[in-house]
A.B. asks: 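Structure below; questions to follow.
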Amino acid sequence: MKKILLASFFLALCFSSWAQEKTVTGKVTSTEDGSALPGVNIVVKGTTQGTVSDINGVYSIRVPNSEGTLI
């Protein structure tokens with residue numbers, strides 16, 4: 001009985017942490033002329049999780065929760 005309860009707890013914990021993650025996509029552009037900016041680093045503030053914009057300035061990153069801030 002304890003094993004089933006413990007397994008249920010860990011399964012619920014995994015699903016709750018998985019559900020809090022979001023994928024954020026966007027495009028980095030120049031403020032001067034609106035052109036796409038390739039090779040820009042996008043990082044979740046306070047973490048080492050990041051990505052780089054592609055040749056069209058487009059990026060996609062998984063953010064751990066709604067409180068995440070992109071830099």
Side-chain angles (χ1 to χ4, degrees):
M1 180 67 176
K2 286 184 181 181
K3 289 182 182 181
I4 294 172
L5 185 59
L6 186 60
S8 298
F9 173 74
F10 283 118
L11 186 60
L13 184 63
C14 290
F15 281 121
S16 68
S17 65
W18 177 66
Q20 295 175 2
E21 196 169 85
K22 291 184 176 184
T23 299
V24 177
T25 58
K27 184 174 183 177
V28 183
T29 58
S30 170
T31 57
E32 294 176 6
D33 60 3
S35 63
L37 296 176
V40 176
N41 293 320
I42 297 95
V43 180
V44 178
K45 186 176 182 178
T47 72
T48 58
Q49 184 177 355
T51 190
V52 178
S53 62
D54 68 10
I55 195 160
N56 298 316
V58 177
Y59 68 91
S60 178
I61 186 170
R62 298 207 57 146
V63 180
N65 59 38
S66 62
E67 300 297 319
T69 301
L70 298 181
I71 300 175

A.B. asks: Could you measure the distance from the OH atom of Tyr59 to the OG1 atom of Thr25? Nearest 0.5 Å is fine.
C.D. replies: 7.5 Å

A.B. asks: Which atoms form the tightest heavy-atom contact between Gly57 and Ala36, and what is the distance?
C.D. replies: N-CB, 4.0 Å

A.B. asks: How would you list, by chain and number, every residue that makes a side-chain contact (heavy atoms from CB on, under 4.5 Å) with Thr47, sequence neighbours excluded?
C.D. replies: Val44, Gln49

A.B. asks: If every non-hydrogen atom of Val40 is compared with every non-hydrogen atom of Leu37, which pair is closest and at what distance?
C.D. replies: CG2-O, 3.5 Å

A.B. asks: Does Ile55 CD1 have over 12 foreign heavy atoms under 6.0 Å away?
C.D. replies: no

A.B. asks: For Ser35, check side-chain contact (heavy atoms from CB on, under 4.5 Å) against everything at least two apart and list the hits.
C.D. replies: Ser30, Asp33

A.B. asks: Between Thr51 and Ile61 (side chain of the first, backbone of the second, donor and acceptor by atom type, cut-off under 3.5 Å), is there such a pair?
C.D. replies: no

A.B. asks: Please name the pair of heavy atoms, one in Val52 and one in Ile42, separated by the smallest distance, quoted to 0.1 Å.
C.D. replies: C-CD1, 4.4 Å

